[in-house]
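To start, the structure itself, in structure tokens.
Quick note: residue numbers are just sequence positions, from 1. Computed from a predicted structure; not experimentally measured.
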Amino acid sequence: MKKRIKIQQKLQSIFSQIFMIASIPAFSACSTVSFPTVEKVDIERFMGTWYVSAGRFTILEKDVHNAVEIYTYDKTKDTIDIDYTYRKGSSNGKIKKVPQKGYIVAGTNNAHWLVSPFWPLKFDYLVIDLADDYSWVAIGVPNQKYLWIMHRSSQVSRKEVDMVIDRLKAINYKTNDIVFVPQNW
């Protein structure tokens, strides 16, 4: 029986990997279209916990609750460890974790990263708007397919999120089909 369970787990792992590889075109944020970023990101201030408030998400981020990204800068490797966790389906749903690695693109004042969910994939991550006090951020991709609006607090009002959306509209970033992420702690 234990051998059968191990085989089933191995098959699930293989199918998950095949699904991820087959999904590459859906996740690809690379585009010939460029989108401007903020002038500069203070990487030390940016590190820490961000609560995902709203956005236009990838296929794996559907029906998420309590979504959180924690950024940790590794000075020795000049990389950013990204710990993305959420609950699937409800605030009491199963906890899912998606560890990723970020690489700052040289010459962008820390506002353009490449993010890798696993080797060899790396996707664009653009800091397109950021509060002066680093209380919220909007992350996008060159072709505008995806968007993540995050706050330092888990409890933000719809008005606060709408303010960020209005700012994105003003810089011509697509704001259609926004999904709001429940944060119930």
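Among residues at least two apart or in separate chains, salt bridge (Lys or Arg N to Asp or Glu O under 4.0 Å) pairs with a member in residues 92-103 are Asp81-Lys101. Screening residues 58-80 for salt bridge (Lys or Arg N to Asp or Glu O under 4.0 Å) gives Glu44-Lys75 as the qualifying pairs, with residues at least two apart or on separate chains. Applying the salt bridge (Lys or Arg N to Asp or Glu O under 4.0 Å) definition to pairs two or more places apart or across chains, those involving residues 151-173 are Asp129-Arg167, Arg158-Asp162. Every pair passing side chain to side chain donor-acceptor pair (under 3.5 Å) that includes a residue from residues 106-116 is listed here, sequence neighbours excluded: His112-Asp124.
In terms of hydrophobic clustering, with Ile, Leu, Val, Met, Phe, Trp and Tyr side chains grouped at heavy-atom distances under 4.5 Å, Val127 and Met47 are assigned to a common cluster. Residues Leu126 and Tyr103 fall into different hydrophobic clusters, defined by Ile, Leu, Val, Met, Phe, Trp and Tyr side chains chained together at heavy-atom separations under 4.5 Å. Side-chain heavy atoms closer than 4.5 Å link hydrophobic residues (I, L, V, M, F, W, Y) into clusters, and following such links, even through other members, never connects Leu114 to Ile139. Under the 4.5 Å side-chain contact rule for hydrophobic residues, Ile128 and Val105 do not share a cluster.
The closest side-chain donor-acceptor pair between Asn92 and Ser90, if any, does not fall under 3.5 angstrom.
Tyr73 meets the ring pair (Phe, Tyr, Trp, His ring centres under 6.0 Å) test with no other residue; sequence neighbours excluded. Residues forming a side chain to side chain contact (heavy atoms under 4.5 Å, CB included) with Pro36 (at least two apart in sequence, or on another chain): none. Listed by chain and number, the residues in a side chain to side chain donor-acceptor pair (under 3.5 Å) with Thr72 amount to none (sequence neighbours excluded). For Val179, the side chain to side chain contact (heavy atoms under 4.5 Å, CB included) test picks out Phe57, with sequence neighbours left out. Not counting sequence neighbours, the partners of Asn176 by the side chain to side chain contact (heavy atoms under 4.5 Å, CB included) test are Arg56, Lys174. Among residues two or more places apart in sequence or in another chain, the side chain to side chain donor-acceptor pair (under 3.5 Å) test is passed with Gln100 by none. Trp119 pairs by the side chain to side chain contact (heavy atoms under 4.5 Å, CB included) definition with nothing, not counting sequence neighbours.
Atom OG1 in Thr85 sits 8.5 Å away from atom CG in Asn66 (nearest 0.5 Å). Once rounded to the nearest 0.5 Å, the distance linking CD of Gln144 with OG1 of Thr175 reads 9.5 Å. Here the CD1 atom belonging to Ile82 is positioned 5.5 Å from the OH atom belonging to Tyr71, to the nearest 0.5 angstrom. In this structure, the separation between CZ on Phe35 and CG on Asn143 is 11.5 Å, given to the nearest 0.5 Å. Going from atom OG of Ser53 over to atom CD of Gln183 covers 6.5 Å, rounded to the nearest 0.5 Å. In this structure, Trp148 CH2 and Trp50 CH2 are separated by 15.0 Å, a value rounded to the nearest 0.5 Å.
The other members of the hydrophobic cluster of Val68, by chain and number, are Tyr51, Ile70, Trp185 (side-chain heavy atoms under 4.5 Å, ILVMFWY only).
Shown here for Ala67 and Tyr86, the closest heavy-atom pair between the two residues is CA-CB, 3.8 Å. Across all non-hydrogen atoms, the minimal contact from Tyr134 to Asp42 is OH-N, 2.8 Å. Contact detail for Val161 and His151: the closest heavy-atom pair is CG2-CE1, 4.0 Å. Taking every heavy atom of both residues into account, Thr58 and Tyr146 meet most closely at CA-CE2, 3.7 Å. Of all non-hydrogen atoms in Val181 and Val52, the two that sit nearest each other are CB-O, 3.3 Å.
Other residues, nucleotides and ligands contribute over 12 non-hydrogen atoms within 6.0 Å of the NZ atom of Lys88.
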- I would like to know whether Leu168 and Leu147 meet side-chain contact (heavy atoms from CB on, under 4.5 Å); could you show each step before the answer? CA-CA 10 Å; Leu168 295 173; Leu147 171 66; 3.8 Å; yes
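At distances below 3.5 Å, at least one donor-acceptor pair connects side-chain atoms of His65 with backbone N or O atoms of Gly89.
The side-chain heavy atoms of Ser153 and Trp136, taken from C-beta on, include no pair separated by under 4.5 Å. Side-chain contact between Val98 and Phe118 is absent, with no heavy atoms from C-beta onward closer than 4.5 Å.
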